[in-house]
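In what follows, chains are A, B, ... by sequence order, proteins preceding strands, each numbered from 1. Note that these values count all heavy atoms, side chains included, but never hydrogens, waters or copies made by symmetry. None of the values given here were measured: they were computed from a predicted structure.
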Amino acid sequence: MYMKKRWISLYVENQIGVLAKISGLFSGKSYNLDSLTVGETEDPTVSRMTIGVTSDNVTFEQIKKQLNRCVEVIKVMDFTEMPVIKKEILFVKINSCSEKDKEEIFRIAKVFSLSVIDYNRNTALLECVQSENRNDDLIKLLNELFVNRIEVVRGGSVAIESISITDR
Amino acid sequence: MQVKGTQILVKALKEEGVDQIFAYPGGQVIDIFDALYDQKDIEVILPRHEQALVHAADGYARSTGKVGVCLVTSGPGATNLVTGIATANYDSVPLVCFTGQVPLNLLGNDAFQEVDIVGITRNICKYAVTVRSREELPMIIKKAFYIASTGRPGPVVVDIPKDIQVAMGSDEYPSEVSIRSYKPYDSVHMGQIKKALSCLNKAKKPVFLIGGGVNIAHARQEMTRLAELTGVPVITTIMGKGAIATNHPLYVGNIGIHGSFAANNAISECDVLFSIGTRFNDRITGKISEFAKNATIIHVDIDSASISKNIAVDIPIVADAKIALEKLIENAKPLKIGKWVDTINDWKEKYPITMNNYEGLTPEKVIRYINEHYKNSIVTTDVGQNQLWVTQYLEIDENRQLLTSGGLGTMGYGFPAAIGAKLANPDKAVISVNGDGGMQMNIQELATAVAYELPITIVVFNNGYLGNVRQWQELFFNKRYSSTCLRYRKSCERRCMSNDECCPPYTPDFVKIAEGYDAHGIRVTDEKDIAAAFEYADSYKTGPTIIEFIIEREADVFPMVPTGNPLGDMIMSND
């Protein structure tokens, strides 16, 4: 039972209830859903989901088959071993900042390539578009530096096949 | 021409070849019933409860292969369908269930009799949809019938708000449908077929394991031909029973927790397991790690998600059973496996399934009577011991069909399913076998059978217990019969262990119940009266008859594989 993180890109009909159908499949069958993002594509009748799951090989095969048999699912793509670009948006608000804190925040922003997109006298708002793992690391660091003072909201990863690597 | 939504619905039903629908009226479908009132091509059957209604549609569908159609009102009408939808979903039965819904502008308003039936049934049906405009109504109905009846069949829910039912729109019903996200398999990978056959040809101890998929694909003839061509013995699941005639020399028996000794042993010892149309459900595998441990496993199934779900498969073939069987027959050849076939036949002879250890009236004797006297028939079962006995003893061939709730195991299924089967097959004898517990779950349908003059023979095996659970309590809970005695009354001791003449009388009196419904009833306590009772039932041509067989209270179903044991590890009797 080798558990690991896996990614699926899913094309579905852009209809009412399809998101509930897909998320209901994961809860109903006790699959471990880590994240799910969804949005309309260039074709307004199609939505595309990026789904992150942690599972063993056998369960993951089942997940893909179960998704495939849903009437509303157009295509299932396994992104786990594919060259893809994958990013997640993350906002972190840091409260009760001192002047020293703010200096530290700007240093972190520089090192981690994130932006301070808003702030006032004692609050700063960071925006970060990175991999899910890097966002995890950043949250861990900020949690250590600003104990009980941060507020986090994450968007879940979106992924697309890369061009240059796929071409080779 | 512009017509109402209800009119296009009626037109759609006709175009889809629907001759009977199972329908219960209510506020949000009253317009549809009004539209149905004027036409002659579709008979509207009114069962007495929506759960029975959907089981009746299920019996209609299983016995004909056609789509069963349900029509119920919103709210409680719709929620009463839930058990029947899940039952049909598990056993791959094609149904289209129309539910009324509150008008679009009240959706989400917690209106009177509003429920989100699409949300409720999403995980227990093949497809569910609320119609959101009059324009899309015809195409949604077309899609519903297409999805229900193709690929792995299943139930589809179409929820129609009341305002769409009365809205005007086109009278055109599409003749074709194409769904980009739904493409059922209509071919088979020849490479995999050849791989499977080359594996089979090398086998010394091969068996076929056949599930319900072969029956659903109407591939009995092909299955029989393949078995005869190769000489490989055939084992079935409960749902696959009848895929080859049960009196065929190559038929071994059912596998599973109440399967035959020969079948369970053959599976445990085979070197190639060639399975078609089964899900490897936990009731047939026993302890998974010991299941067909030394075998190479070939698996044909139309649903790729059924392959390698429970059992790791070596050669997967995604295809409709009939298409795969046709290709297999073209390329198969006889195997030299005489010794293996002899071994299996020895087991069959040495360890037959029997209730000979019980005296007097036994379910086995009743079922053997049915085997002898009802050659052209449909037998439905309820769930529990009655079902297990029937699936053990009933002989099936092309003229006798078995309908049973195998996947979900729904008590209350058997009798309403018999009503649907009889309506669809007026020329066949229809016998519904029940326990005394399940019989009471949809007993109100006696009214339906009387109203539509359906001469169904209703067998009730009455042991005064919820017998299957009682058997488990006897074997694994030290006879602590917690809530399984149906003769219990308030005056009884809570932890009663007795089982004798002092027990309170059984309630209800099934014979009087039958009379109350203007049906017929007869009670049998002695084996010598079995024939007379069936003859009594046969003498009534325009209504149902209950035959209540008073059987040994603590008769068990054997053999039995206790949960978690390997298949070969069976309890043969309680002696």
Side-chain angles (χ1 to χ4, degrees), chain A residues 1-2 6 8-33 36 38-51 53 55-78 80, chain B residues 86 89 92 104 107-108 116-133 136 140 143-144 146-148 150-159 161 177-185 279-280 288 299 301-313 316 318:
Chain A
M1 297 288 267
Y2 174 52
R6 298 154 203 270
I8 291 168
S9 184
L10 196 67
Y11 289 81
V12 297
E13 295 290 347
N14 184 11
Q15 289 165 355
I16 296 168
V18 176
L19 174 59
K21 171 96 188 178
I22 301 302
S23 59
L25 178 75
F26 279 82
S27 62
K29 297 210 172 273
S30 295
Y31 301 144
N32 209 340
L33 180 65
L36 189 158
V38 59
E40 199 173 286
T41 63
E42 68 283 2
D43 175 352
T45 68
V46 176
S47 293
R48 195 162 167 180
M49 297 183 179
T50 302
I51 298 172
V53 297
S55 79
D56 60 74
N57 287 336
V58 176
T59 309
F60 188 59
E61 284 308 308
Q62 250 314 292
I63 291 172
K64 286 188 281 182
K65 288 174 176 176
Q66 291 290 346
L67 288 169
N68 241 321
R69 73 199 285 273
C70 290
V71 170
E72 301 89 340
V73 169
I74 300 167
K75 192 173 170 190
V76 182
M77 293 171 81
D78 182 356
T80 312
Chain B
N89 194 45
S92 309
L104 282 173
L107 265 185
D116 174 16
I117 193 62
V118 166
I120 289 170
T121 56
R122 192 173 276 130
N123 287 348
I124 54 161
C125 70
K126 192 168 172 186
Y127 184 64
V129 62
T130 300
V131 183
R132 296 195 182 255
S133 74
E136 62 180 17
I140 284 181
K143 280 183 181 175
Y146 174 64
I147 291 169
T150 53
R152 179 178 173 177
V156 173
V157 175
V158 180
D159 190 36
V177 58
S178 169
I179 307 172
R180 64 178 163 189
S181 54
Y182 175 74
K183 302 281 177 216
Y185 293 92
R279 298 181 290 122
F280 292 105
I288 288 265
H299 187 186
D301 206 291
I302 195 160
D303 180 6
S304 68
S306 288
I307 297 177
S308 290
K309 179 165 63 180
N310 302 327
I311 297 286
V313 168
V318 181

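- Counting only distance, with no hydrogens or angles, the side chain of A/Lys21 and the backbone of B/Ala128 share no donor-acceptor pair below 3.5 Å.
- Among the candidates A/Val71, A/Ile74, A/Val12, the residue making the largest number of heavy-atom pairs closer than 4.5 Å to chain B is A/Val71.
- Contact annotation for A/Thr45: both backbone and side-chain heavy atoms come within less than 4.5 Å of a heavy atom of chain B.
- Listed here is the closest heavy atom pair of A/Glu13 and B/Ser181: OE2-OG, 3.6 Å.
- The nearest pair of heavy atoms linking A/Gln62 to B/Ala305 is NE2-O, 2.7 Å.
- Side-chain contact between B/Arg180 and A/Val46 is present, with heavy atoms from C-beta onward closer than 4.5 Å.
- Neither the backbone nor the side chain of A/Glu61 comes within less than 4.5 Å of any heavy atom of chain B.
- Between A/Arg69 and B/Arg152, the closest side-chain pair of non-hydrogen atoms falls below 4.5 Å.
- Around CZ of A/Phe26, the count of heavy atoms belonging to other residues, nucleotides or ligands within 6.0 Å exceeds 12.
- Rounding to the nearest 0.5 angstrom, the gap separating the CD atom in A/Gln15 from the CZ atom in B/Arg132 is 10.5 Å.
- Between the CD atom in A/Glu72 and the CD1 atom in B/Ile179 there is a gap of 10.0 Å [rounded to 0.5 Å].
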